[in-house]
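Down below is the structure, laid out as structure tokens.
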Protein chains: 2
Amino acid sequence: MKLRNLFARNLKAARLLKGMSQEDLAYEAELDRTYISALERRIYSPSLDVIEKLSKALELDAYLLLMAPDKPD
Amino acid sequence: MKLRNLFARNLKAARLLKGMSQEDLAYEAELDRTYISALERRIYSPSLDVIEKLSKALELDAYLLLMAPDKPD
DNA sequence: ATGTGACTCCTAGTCCGTA
DNA sequence: GTACGGACTAGGAGTCACA
């Protein structure tokens, strides 16, 4: 599984869990709204600096965005 | 703590744990030796694609490279 | 076996729109 | 509120020579 795909899913899941829109997240993370959209659509391979901004905005540890959900199926 | 600094330390630690030189790792990850050196010196904020290559070469899960060591001092 | 400067090239990331 | 496009700029990707 491509890491950026996993990241994309985790990002969206974490965002929705926080009840934030892409716009909200973009504002909090000081990133562009359309870029958040692109990330969730797996367009880009974000840098650590971006991952750090996002994890802070989402109030979670960065490594959580790279973890596979423990689904035994 | 800047995420790229944490990553740099974890990368080096994981590499040494495997008994690999920067050259070895560069070869396995299909990256340039000097680029590995730069990463360990915190020059760059690597993208997920690079992190993926490195984690595969080091035979560990990518998220481990973003985790803070649990040192209570 | 690693650090560093000086490059070139290409993607990450921004900003403007429209639907 | 999100997807998607075009045009743009910043900075990462990748290489080389040399210490």
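Keep in mind that what you see is a predicted model, and the values were worked out from it rather than measured. Order of the sequence lines sets the chain letters (A, B, ...), proteins ahead of strands, with each chain counted from 1.
By the 4.5 Å heavy-atom criterion applied to side chains, Leu64(B) and Asn10(B) are not counted as neighbours. Using a 4.5 Å heavy-atom threshold, the side chains of Ile51(B) and Tyr63(B) count as separate.
The shortest distance between the side-chain N/O atoms of Arg15(B) and the OP1/OP2 oxygens of dT2(C) is below 4.0 Å. The shortest distance between the side-chain N/O atoms of Arg33(A) and the OP1/OP2 oxygens of dC15(C) is not below 4.0 Å.
Side-chain atoms of Leu31(B) lie closest to dG14(D) of the nucleotides dT2(C), dG14(D), dA3(D). The listed nucleotides are dC16(D), dA12(C), dC15(C); the one nearest the side chain of Asp32(A) is dC15(C). With dC16(D), dA12(C), dA3(D) as the choices, the nucleotide that has an atom nearest any side-chain atom of Thr34(B) turns out to be dC16(D).
Using a 3.5 Å distance cut-off with no hydrogens or angles, the side chains of Ser37(B) and Arg33(B) do not pair a donor with an acceptor.
Residue Met20(A) contributes atom CE, which lies 11 Å from atom P of dT2(D) at whole-angstrom precision. Rounding to whole angstrom units, OH of residue Tyr35(A) and P of dA10(D) are separated by 16 Å. Taking atom CG of residue Leu25(A) and atom P of nucleotide dG1(D), one finds them 13 Å apart after rounding to whole Å. Rounded to whole Å, the distance from CG on Leu39(B) to P on dG14(D) is 10 Å. The separation between Phe7(A) atom CZ and dA12(C) atom C1' is 13 Å, rounded to whole Å. Lys53(A) has its NZ atom 12 Å from the C1' atom of dA12(C), to the nearest Å.
Residue-level contact check: Ser37(B) touches the bases, meaning some heavy atom is under 4.0 Å from a base atom. Residue contacts shown for Ile36(B) are absent, as no nucleic acid heavy atom lies under 4.0 Å away. When heavy atoms are screened at a 4.0 angstrom cut-off, Glu23(A) is found touching base atoms of the nucleic acid.
Looking at Arg4(B), its side chain does come within 3.5 Å of a backbone N or O of Ile43(B) through a donor-acceptor pair. Between the side chain of Ser47(A) and the main chain of Ser47(B), no donor-acceptor pair closer than 3.5 Å is present.
Taken together through direct or relayed side-chain contacts under 4.5 Å among Ile, Leu, Val, Met, Phe, Trp and Tyr, Tyr27(B) and Leu31(B) form parts of separate hydrophobic clusters.
Tested against Arg15(B), the residues Glu40(B), Glu23(B), Glu59(B) include a single salt bridge (charged side-chain N to carboxylate O under 4.0 Å, His left out) partner, Glu40(B).
Within a heavy-atom distance below 4.0 Å of DNA chain C, the residues of residues 40-52 of chain A found are Tyr44(A), Ser45(A), Pro46(A), Ser47(A), Val50(A).
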